[in-house]
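As structure tokens, the structure follows; a few thoughts come after it.
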Amino acid sequence: MKKRQITEQIIKEYIGYLSTQERSKGTIEKYWRDTRAFAQWANGREVTKELAVKWKSSLLERGYAPVTINAMLSAVNGLFRCLGWEDCHVKFLCIQRRLFRDSKRELSRMDYQRLLFCAREKGKDRLALITETICATGIRVSEVKNITVEAAKQGKAEISMKGKIRVILLPAKLCRKLLKYAKKEKIASGIIFRTKSGKEIGRRQIWAELKGLCKFAKIEPSKVFPHNLRHLFARIFYKASKDIIKLADVLGHSNVETTRIYLVATGEEHQRQMERLGLVL
């Protein structure tokens, strides 16, 4: 029987398979990193269920967060399924549903406003408008490419992901800003946010530019990343509408439980709620 080993060629074929399944670019990149991490750790050893379990244990020992470990296991288990190695499948860690989130990682409305102010002060108009667009619509950073001149003119953007199509409405004020920026950059049609060479701006560049503002805006770097702008949108939208089903549709979630994660209160908010119960006499 041929020895089971993870090679670069196998990973390459797996990534090609994920592309045919129309997985997002971000997911494909992450699965590539995680499967390579497993292959490097295995270091040529034969892949067995026992080896995969040891890898899971090593991730725990190295201090990886349970959520991160489960995400890495998802990538590797997917590879096993693709290869027909179902007997190597590893169980996920059981994680208790979070009652509240870490306030050190929560981006507040005031933080958001400081980021915008700082970006504009530094002449980073593109970054300021990208930040505003993500936070005002709740789109994913990977969906920024769907913000086109045509979408700004129509007041809505059509987003296709994993075979699902959803329409995002763009606030009128945002549309005016987008069109003004496009005109200034001499962009008559297509994607609005581009690099100097005219290519679509990537998620890593947006992430890096946002992190670069932290020091000047005096905001903890742990709070500043594109997906946190989406979380801020979700909290403010829900506070205004109290409609989690509608919010799930806007965010493109097929499961309301995913949306619920976005709305978990901070530890401080949870503490205040407990104090208001008045059960300590």
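Remark: the Glu209 side chain and the Gln205 side chain contain an N/O donor-acceptor pair separated by less than 3.5 Å. Counted by atom type alone, Ser19 and Arg23 present zero donor-acceptor pairs between their side chains at under 3.5 Å. Side-chain contact annotation: Thr259 with Tyr238, donor-acceptor N/O pair under 3.5 Å absent. Remark: the Ser108 side chain and the Asp111 side chain contain an N/O donor-acceptor pair separated by less than 3.5 Å.
Residues Trp41 and Ile6 share a hydrophobic cluster, clusters being chains of Ile/Leu/Val/Met/Phe/Trp/Tyr side chains in contact below 4.5 Å. Residues Leu263 and Ile245 share a hydrophobic cluster, clusters being chains of Ile/Leu/Val/Met/Phe/Trp/Tyr side chains in contact below 4.5 Å. Criterion: ILVMFWY side-chain heavy atoms under 4.5 Å apart, direct or through other members. Under it, Ile206 and Ile28 are not part of a common hydrophobic cluster. Taken together through direct or relayed side-chain contacts under 4.5 Å among Ile, Leu, Val, Met, Phe, Trp and Tyr, Phe216 and Leu210 form parts of separate hydrophobic clusters. In the hydrophobic clustering of ILVMFWY residues, with side-chain heavy atoms under 4.5 Å counting as a link, Tyr17 and Ile15 come out together.
Crowding of Glu158 atom CD: a count of heavy atoms from other residues, nucleotides or ligands under 6.0 Å not exceeding 12. When the shell of 6.0 Å around CZ of Phe117 is examined, it contains 12 or fewer heavy atoms from other residues, nucleotides or ligands. Residue Trp207 qualifies as open at atom CH2: its count of foreign heavy atoms under 6.0 Å is 12 or below. The environment of Lys223 atom NZ is dense: over 12 non-hydrogen atoms of other residues, nucleotides or ligands sit within 6.0 angstrom. Surrounding CZ of Arg45 are more than 12 heavy atoms belonging to other residues, nucleotides or ligands, all under 6.0 Å away. Around CD of Glu220, the count of heavy atoms belonging to other residues, nucleotides or ligands within 6.0 Å does not exceed 12. Counting non-hydrogen atoms of other residues, nucleotides and ligands closer than 6.0 Å to NZ of Lys156 gives a total of 12 or fewer. In this structure, Lys54 places its NZ atom where only 12 or fewer heavy-atom neighbours from other residues, nucleotides or ligands lie under 6.0 Å away.
The two residues Trp55 and Ala37 come nearest to each other via the heavy atoms NE1-O, 4.3 Å. Taking each heavy atom of Thr137 and Pro171 in turn, the nearest pair found is CG2-CD, 4.3 Å. Asp34 approaches Ala71 most closely through the heavy-atom pair OD2-O, 3.9 Å. The shortest heavy-atom contact between Ile159 and Ile139 is CD1-CG2, 3.8 Å. What you find for Arg4 and Asp87 is that their closest heavy atoms are NH1-OD2, 3.0 Å. Residues Cys214 and Pro221 share a closest heavy-atom pair of SG-CA, 3.6 Å.
Side-chain contact between Phe38 and Ile11: absent, with no pair of heavy atoms (C-beta onward) separated by less than 4.5 Å. Between Leu129 and Phe193 there is a side-chain heavy-atom pair separated by less than 4.5 Å. Between Thr27 and Leu18, the closest side-chain pair of non-hydrogen atoms is not below 4.5 Å. In this structure, the side chains of Lys153 and Leu179 come closer than 4.5 Å at one or more pairs of heavy atoms. Between Phe233 and Leu251 the shortest side-chain heavy-atom distance falls below 4.5 Å. The side-chain heavy atoms of Arg36 and Gln40, taken from C-beta on, include a pair separated by under 4.5 Å. Contact check for Thr131 versus Leu213: no side-chain heavy atoms found under the 4.5 Å cut-off. Contact of the Leu60 side chain with the Leu93 side chain is registered, since non-hydrogen atoms from C-beta on lie closer than 4.5 Å.
With hydrogens and angles ignored, the 3.5 Å screen pairs no side-chain donor or acceptor of Tyr64 with any backbone N or O of Leu59. For Lys25 (side chain) and Arg203 (main-chain N/O), no donor-acceptor pair under 3.5 Å exists by modelled atom type. In this structure, the side chain of Lys186 does not engage the main chain of Lys183 through any donor-acceptor pair within 3.5 Å. When atom types are taken as modelled, the side chain of Ser241 and the backbone of Phe237 share a donor-acceptor pair closer than 3.5 angstrom. In this structure, Glu46 contributes its side chain and Lys3 its backbone to no donor-acceptor pair below 3.5 Å. Checking side-chain atoms of Glu150 against main-chain N and O of Gly190 turns up a donor-acceptor pair under 3.5 Å. A side-chain donor-acceptor contact under 3.5 Å links Arg114 to the backbone of Lys218.
Taking CE of Met72 as the start and CZ of Phe92 as the end, the distance is 12.5 Å to the nearest 0.5 Å. The line from CG of Leu115 to CZ of Arg120 is 11.0 Å long, rounded to the nearest 0.5 Å. One finds the CD1 atom of Ile134 at 10.0 Å from the CZ atom of Arg230 (value rounded to the nearest 0.5 Å). Taken from CG in Leu107 to NE2 in His227, the straight-line distance is 12.5 Å, to the nearest 0.5 Å. The line from SG of Cys135 to NE2 of His231 is 12.0 Å long, rounded to the nearest 0.5 Å. Between the CG atom of Asn146 and the OG1 atom of Thr148 there is a distance of 8.0 Å, given to the nearest 0.5 Å.
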For this session: Would you please test Ile191 and Ile201 for side chain to side chain contact (heavy atoms under 4.5 Å, CB included) and show each step?
Result: CA-CA 9 Å; Ile191 297 172; Ile201 187 168; over 6 Å; no

Open item on the list: Would Val53 and Lys49 count as a side chain to side chain contact (heavy atoms under 4.5 Å, CB included) here? Give the steps.
Closed with: CA-CA 6 Å; Val53 170; Lys49 172 70 174 281; 4.1 Å; yes

Salt bridge (Lys or Arg N to Asp or Glu O under 4.0 Å) between Lys196 and Glu185, intermediate numbers included
CA-CA 10 Å; Lys196 290 181 180 178; Glu185 297 296 318; over 6 Å; no

Original post:
Yes or no on side chain to side chain contact (heavy atoms under 4.5 Å, CB included) for Glu132 and Lys177, after CA distance, side-chain angles and deciding distance?
Top reply: CA-CA 10 Å; Glu132 214 165 13; Lys177 285 189 171 188; 2.9 Å; yes

- Message: Assess the residue pair Arg81 and Glu86 against the criterion (salt bridge (Lys or Arg N to Asp or Glu O under 4.0 Å)); give the C-alpha distance rounded to whole Å, side-chain angles, the decisive distance to 0.1 Å, and a yes or no.
- Response: CA-CA 5 Å; Arg81 282 194 299 273; Glu86 282 84 357; over 6 Å; no

message = Checking Thr48 against Trp85 for the side chain to side chain contact (heavy atoms under 4.5 Å, CB included) test, could you report, in this order, the C-alpha distance in whole Å, the side-chain angles of both residues, the deciding distance, and whether it holds?
response = CA-CA 9 Å; Thr48 62; Trp85 300 353; over 6 Å; no

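Taking a cutoff of 4.0 Å between a charged side-chain nitrogen and a carboxylate oxygen, Arg235 and Glu106 qualify as a salt bridge. Under a 4.0 Å N-O distance rule, the pair Arg140/Glu143 qualifies as a salt bridge.
Aromatic ring centroids of His89 and Phe80 lie 6.0 Å or more apart.
A cation-pi arrangement, defined by a distance under 6.0 Å to the six-membered ring centre and an angle within 45 degrees of its axis, is absent between Lys211 and Phe225.
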